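Take a look at the structure below.
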Amino acid sequence: MKYFILFGPPGAGKGTQAVALVERYNLKHISTGDVLRGEIAAGTELGKKAKALIDAGSLVPDEVVEGMIENAFNTYKDVNGFLLDGFPRTIKQAEALNEMLAKRGEELSGVISLMIPDETIFARIRHRAEVEGRQDDMKDEVIQNRIDTYHAKTEPLIEFYKNLGKYHEFNGDRGPGAEGIEKVRQSIYVEMDKL
Ligand code: ATP
Ligand code: MG
């Protein structure tokens with residue numbers, strides 16, 4: 001099985017690129033954010049607990065998302081592998097993932113990192129708020145908290161995965177609209193084809 005991480009700050013384009021990548025490489029797309037939003041929509045206990053944290057732009061507890069990932073690994077067998085989107089987001093989660101993979105006798109295939117500057121994050125998320133109406137996209141302070149949380153808790157993963165020789169970085173801002181998205185996509189294909 002292949003195990004890829006799609007990494008990057010909020011609004012980097014992970015969800016957008018994931019759609020094409022899972023198709024090209026026959027992977028199961030697991031977005032922890034999407035799963036959590038599904039729990040909220042379904043009104044589950046987990047969703048109720050997660051909602052306040054997500055609406056404030058904070059992370060949900062590590063154990064919660066770790067359990068979701070383990071669950072997905074145990075559920076989907078009929079694929080070439082997994083594309084993890086939005087996980088791991090802390091060093092603790094990255095270590096938990098390493099353990100999950102070791103237990104399965106598996107190894108991380110690579111980290112696909114999409115990088116965009118903080119100013120671009122703001123512009124993109126403000127635009128997405130109009131299109132998708134996500135609660136955590138609506139308020140500037142929440143967007144700022146997500147960016148701050150990214151820098152404080154998630155950015156250290158870059159060093160973590162560089163040290164493991166698994167880190168591959170791509171410019172996530174290659175111009176506006178579909179053309180820019182396509183350029184990013186092609187640059188990822190070139191590397192992922194080799195992994
Ligand atoms: P994107 O713009 O690519 O959708 P994002 O960071 O804005 O990225 P999601 O990945 O959808 O949005 O996550 C939304 C929220 O869900 C996060 O702000 C956080 O509260 C929670 N969340 C998602 N994944 C995790 C995780 N691995 N650990 C902790 N909290 C998470
Ligand atoms: Mg997303």
Side-chain angles (χ1 to χ4, degrees), residues 3-22 27-42 44 46-73 82-100 111-157 160-161 170 172-173 181 184-185 188:
Y3 294 85
F4 290 102
I5 294 167
L6 195 52
F7 181 87
K14 300 185 291 287
T16 303
Q17 297 298 344
V19 180
L21 298 177
V22 295
L27 305 169
K28 173 69 190 169
H29 178 211
I30 307 175
S31 159
T32 42
D34 287 350
V35 175
L36 288 166
R37 282 185 287 277
E39 298 278 339
I40 293 172
T44 64
L46 171 59
K48 283 178 198 155
K49 283 190 200 136
K51 186 174 180 355
L53 291 166
I54 291 177
D55 288 351
S58 304
L59 297 180
V60 306
D62 290 328
E63 303 74 49
V64 170
V65 283
E66 288 162 18
M68 285 167 19
I69 296 293
E70 179 111 62
N71 193 26
F73 286 168
F82 295 88
L83 184 66
L84 307 182
D85 163 359
F87 179 93
R89 252 184 167 86
T90 63
I91 294 283
K92 162 99 184 2
Q93 291 175 22
E95 284 167 347
L97 175 62
N98 274 352
E99 272 169 42
M100 280 182 233
V111 176
I112 307 299
S113 173
L114 298 180
M115 278 302 133
I116 58 169
D118 285 3
E119 310 82 73
T120 311
I121 300 180
F122 252 105
R124 284 196 189 174
I125 293 185
R126 283 212 191 96
H127 173 72
R128 186 170 71 186
E130 287 161 25
V131 181
E132 294 181 16
R134 254 172 68 173
Q135 205 57 43
D136 59 342
D137 284 349
M138 298 292 183
K139 288 199 199 113
D140 278 1
E141 4 12 318
V142 173
I143 300 173
Q144 188 61 54
N145 188 30
R146 283 155 66 199
I147 294 173
D148 293 345
T149 302
Y150 167 78
H151 287 305
K153 301 201 170 143
T154 307
E155 207 165 41
L157 293 180
F160 182 93
Y161 285 116
F170 302 86
D173 190 9
I181 292 171
V184 175
R185 179 169 298 151
I188 298 174

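Values below: every heavy atom of this structure, side chains too, minus hydrogens, waters and symmetry copies. Since we're looking at a predicted model, the values are computed, not measured. By convention here, the first residue in the shown sequence is residue 1. Note that ligands are numbered from 1 as they come in the structure, with each ligand's atoms numbered from 1 the same way.
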For this session: Report yes if V60 has an N/O atom closer than 3.5 Å to an N/O atom of ligand 1; otherwise report no.
Result: yes

Exercise. In the protein, what heavy atom is nearest to atom 20 (O) of ligand 1, and what distance, to one decimal place, separates them?
Worked result: S58 O, 2.5 Å

Problem set entry | Residues D137 and R146 bridged, charged N to O under 4.0 Å | yes

For this session: Could you tell me whether the side chain of K14 and the main chain of G86 form a donor-acceptor pair under 3.5 Å?
Result: no

Exercise. What protein heavy atom is closest to atom 22 (N) of ligand 1, reported as residue, atom name and distance in Å?
Worked result: L36 CD1, 3.6 Å

Exercise. In the protein, which heavy atom is nearest to atom 5 (P) of ligand 1, and how far is it?
Worked result: R89 NH2, 3.4 Å

Exercise. Between S31 and ligand 1, which part of the residue brings a heavy atom under 4.0 Å of the ligand: side chain, backbone, both or neither?
Worked result: neither

Seminar exercise, completed: In this structure, atom 28 (N) of ligand 1 is nearest to the protein heavy atom Q93 NE2, 2.9 Å

Exercise. Are I5 and Y161 close enough, and set up right, to give a side-chain contact (heavy atoms from CB on, under 4.5 Å), and what steps lead you there?
Worked result: CA-CA 10 Å; I5 294 167; Y161 285 116; 3.4 Å; yes

For this session: Ignoring angles and geometry beyond distance, decide whether I125 reaches within less than 3.5 Å of ligand 1 through its nitrogen or oxygen atoms.
Result: no

Seminar exercise, completed: To atom 12 (O) of ligand 1, the nearest of R134, Q135, R37, K14 on a heavy-atom basis is R134

Exercise. Near K139 NZ, under 6.0 Å, is it more than 12 heavy atoms from other residues, nucleotides or ligands?
Worked result: no

For this session: Using the side-chain contact (heavy atoms from CB on, under 4.5 Å) rule, take D62 and R89 through it: C-alpha gap first, then chi angles, then the decisive distance, then the call.
Result: CA-CA 9 Å; D62 290 328; R89 252 184 167 86; over 6 Å; no

For this session: Show your reasoning for whether side chain to side chain donor-acceptor pair (under 3.5 Å) applies to H29 and D34.
Result: CA-CA 10 Å; H29 178 211; D34 287 350; 4.9 Å; no

For this session: Check whether any side-chain heavy atom of D55 lies under 4.5 Å from a side-chain heavy atom of V142, and answer yes or no.
Result: no

For this session: Indicate, as side chain, backbone, both or neither, the part of L59 found under 4.0 angstrom from ligand 1 when only non-hydrogen atoms are considered.
Result: both

